[in-house]
Amino acid sequence: MDKNDEFIIQGLAGEKKLHGAVIINGAKNSALKAMAASILFDGPVILENVPDNSDIQTMISILEKMGAKINVKEKSFTSFPASPEPQRASKNSGGLILEIDATGINSTEIDPELATSMRASIVLTGSLMGRFGKVSFPAPGGCVIGARPIDLFLSGYGKMGATVKEENDCLHKISAIDGLKGAEITFSKISVGATETLMMAAVLAKGKTVLNNCAREPEIANVAEWLNVCGANIKGIGTPTIEVEGTNGKLLSFKESFVTIPDRIEAGSFLILGALCAKKLKIEKCQPKHMNTVVKLLVELGVNIKIEKDSIIVSASDFINSTLPRSIKTLEYPGFPTDLQPPLVVFLTQIKGQFSIRETIFEGRFKYVGDLIKMGANITTINSREIKIKGPTPLHELSENEELTAHDIRAGFALIVAALIGNGKFTINNVHLIDRGYEKIEERLKILGVEIERTDKAR
Ligand code: EPZ
């Protein structure tokens, strides 16, 4: 997994022949937060079903640099051909098992270089502030999908009695000499990261914290429920108002291991891929109830989907037709997820009808659209938050030496789907961004029948 890695993909030119099953990994955006929460504990914690992608590796490095000890145990594989009938995966889908002992953390400085490569690093400020009452960190990086400010975090810490200083190079130093104090915080905007970060900070703060206008993503509940089993007192999990009563000491390790929920975004990505290219694709070990909005939309648009207890079977229809123009917007959970907007747009280029997509979460998430237009898609950009799509349009090969560029994790996956529908051979660069969220994606796709190779551009 190198910055020069590229994917070469042979398009199926509209044929719907992928076949098999894929096991969904644990949710990256849940596991990363549980890793950050390990700092709140009095000893080692065990995290199960952790996906093996590069963001998880980055978080491991950040924690280790601060003094945590991490033991990584290997895992089993995550996809297989449809025949013979796949064996059932055991307790969880077999992700990594991490044992994290953060008791020896002796630094409250989040490594600037690592932090700027991953937005989720900011969540560490919550557990560090809760435990040590101080932290220094750079403006966090991550996917370039919009401005991604951190005002909600900073004003939240201010309300909890901390002082925030910004130094040159955007280095932030936050400190609360006598520790954080409970407070009532009303987020001016719904934010996943701010909800989980301030929730973690409040666990070890003095007194009661009330967080209003919280995000309700299932990944937040996954972490909060585990913290409660280990001694935290968090109420209102999964609702817009979360109340946290601070504990009198760190959380109890070894109470229960954290089991990462299935990645609903990975499952949704494969669902859309299957809706376009699969004779039959079984998406195993997912949590269909976390995907209601996505499934409902695809079913309304005519996709063949069968829901089972923890799997979804999808097969592509030959002709899907939306008679009325449709307007779809991304929203916070339980709305349509922004992370599935790019693959959905690729899907809509293949559907007869007119669609408008409004991106309400991030203002910079249509960068990949230019590549789709180069492939022949009929897409009009209205502004940085809205596009219009008229389909269906076959997607064709680019001219010689032209490549597709993965601008972020999800746009990268969307380009894989676009290349697969397309007629010809396609090169996708910036594959290291796809690796941040999709573990060994080419190996899993090959098993389903995709012709995909990873090459090193520099070689
Ligand atoms: C999380 O990002 C996810 N990342 C993102 O997944 C996901 O797209 C996003 O939630 C929305 O679902 C992780 O969990 C690591 P937000 P996060 O704070 O927490 C604004 C992926 O591909 N905002 O909910 O950073 C912000 O600019 C990634 O896996 C402020 O204005 O998202 C955005 O417009 C990409 N001020 C909105 O809130 C703040 O202080 C929602 O962002 C914080 C956020």
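Along the sequence shown, the residues carry numbers beginning at 1. First listed ligand is number 1; within each ligand, the first listed atom is number 1.
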Heavy-atom contact check, 4.0 Å cutoff: does Thr195 meet ligand 1? no

What do you reckon, is NZ of Lys446 surrounded by more than 12 foreign heavy atoms closer than 6.0 Å? yes

Tell me whether ligand 1 is touched by Lys28 - counting only heavy atoms on the residue side and a distance under 4.0 Å. yes

Examine ligand 1 and decide if any of its atoms is less than 4.0 Å from a heavy atom belonging to Lys33. yes

Should the pair Asp52-Lys440 be classified as a salt bridge under the 4.0 Å nitrogen-to-oxygen rule? yes

Side-chain ion pair, Lys33 and Glu219, N-O less than 4.0 Å: no

A side-chain contact here means heavy atoms from C-beta on lying under 4.5 Å apart; do Leu340 and Leu344 qualify? no

Using a distance-only test with no angle check, is there a side-chain donor-acceptor pair under 3.5 angstrom linking Asn212 and Thr186? yes

Which class fits the ring pair His290 and Tyr333: parallel under 30°, tilted 30 to 60°, perpendicular over 60°? perpendicular

For ligand 1, find out whether one of its N or O atoms is nearer than 3.5 Å to an N or O atom of Val192. yes

Among Asn53, Thr338, Asn29, Ile220, the residue with a heavy atom nearest to atom 11 (C) of ligand 1 is Thr338

Using a heavy-atom cut-off of under 4.0 Å, does the side chain or the backbone of Leu152 touch ligand 1, or both, or neither? both

Return yes if a side-chain donor-acceptor contact under 3.5 Å exists between Glu403 and Asn429, otherwise no. yes

Give me the one residue out of Arg410, Arg444, Lys28 that meets salt bridge (charged side-chain N to carboxylate O under 4.0 Å, His left out) with Glu266. Arg444

Here the atoms of ligand 1 under 4.0 Å from any heavy atom belonging to Ile361 are 33 (C), 34 (O), 41 (C)

Consider every N or O of Ala194 and every N or O of ligand 1, then say whether any pair is closer than 3.5 Å. no

Judged by modelled atom types alone, do Glu359 and Thr330 share a side-chain donor-acceptor pair under 3.5 Å? yes

Does Lys181 have more than 12 heavy atoms from other residues, nucleotides or ligands lying within 6.0 Å of its NZ? yes

Should Arg119 be counted as touching ligand 1, given the test is an N or O pair under 3.5 Å? yes

Taking the minimum heavy-atom distance to atom 32 (O) of ligand 1, which of Phe187, Phe153, Tyr333, Phe362 ranks first? Phe362

Just which atoms of ligand 1 are under 4.0 Å from any heavy atom in Asp339? 5 (C), 6 (O), 7 (C), 8 (O), 21 (C), 22 (O), 28 (C), 29 (O), 35 (C)

Where ligand 1 meets Arg365 - atom numbers and elements under 4.0 angstrom, heavy-atom basis: 8 (O), 22 (O), 35 (C)

Taking only non-hydrogen atoms of Gly193 and a 4.0 Å limit, the atoms of ligand 1 in range are 18 (O), 19 (O)

Heavy atoms only: which of Gly364, Pro149, Ser121, Gly437 lies closest to atom 31 (O) of ligand 1? Pro149

Under 4.0 Å from a heavy atom of Ala120: which atoms of ligand 1 are those, numbered in the order shown and with their elements? 15 (C)

